Amino acid sequence: MSTGISSGLISVLIFALYLNSETVRKMYVFPPLLWLITPVLIYWIMRMWSVAIRRNMHDDPVVFAVRDWVSVSCGVLILALLFLSTQL
């Protein structure tokens, strides 16, 4: 369990390091907006682990995420932030 949680949070750290790269500055019109994705990812990862620890995840995690309204909302928010960072 602790390995899974750590791996999820380290993936957010790697995403944050990617946000500091020159590639991101060239690809997006307003890259600072992408930083708002990191708290959404942290919330989503910790929520998924919380649900799994409570044994309320009765499906594959991907199937659960597609059917879960909170996960879908997080996905929509992330897509909206990506879209806005390319348009501003």
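Given the structure is predicted, the values throughout are model-derived calculations rather than measurements.
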Do [X] and [Y] sit in one hydrophobic cluster, given that two such residues count as connected whenever their side-chain heavy atoms are within less than 4.5 Å of each other, even indirectly?
X     : Y     : value
Leu9  : Leu34 : yes
Ile78 : Leu13 : no
Val24 : Val12 : yes
Leu33 : Ile42 : yes
Val66 : Phe64 : no

Min side-chain heavy-atom separation Asn20-Trp35 under 4.5 Å:
yes

Using every non-hydrogen atom in the two residues, find where [X] and [Y] come nearest and quote the distance to one decimal.
X     : Y     : result
Tyr28 : Ser85 : CD2-OG, 3.3 Å
Ser11 : Ile45 : OG-CD1, 4.1 Å
Tyr43 : Cys74 : CD2-SG, 3.9 Å
Ala65 : Ser71 : O-CB, 3.2 Å

What's the separation between atom [atom1] in [X] and atom [atom2] in [Y], rounded to the nearest 0.5 Å?
X     : Y     : atom1 : atom2 : value
Ile53 : Arg55 : CD1   : CZ    : 10.0 Å
Leu41 : Leu36 : CG    : CG    : 11.5 Å
Leu79 : Leu77 : CG    : CG    : 9.0 Å
Asp68 : Met48 : CG    : CE    : 7.0 Å
Leu17 : Ile10 : CG    : CD1   : 11.0 Å

Enclosure of Phe15 CZ (heavy-atom neighbours >12, cutoff 6.0 Å):
yes

Kindly check if the number of other-residue, nucleotide or ligand heavy atoms within 6.0 Å of OH (Tyr18) is above 12?
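Enclosed: over 12 neighbouring heavy atoms sit under 6.0 Å from OH of Tyr18.
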
Please check if the side chain of Arg67 supplies one atom and the backbone of Val62 the other of a donor-acceptor pair under 3.5 Å.
no

Taking the side chain from Ser50 and the backbone from Met46, do they hold a donor-acceptor pair closer than 3.5 Å?
no

Where do Leu19 and Thr38 land on the side chain to side chain contact (heavy atoms under 4.5 Å, CB included) test, with the steps shown first?
CA-CA 10 Å; Leu19 292 179; Thr38 55; 4.3 Å; yes

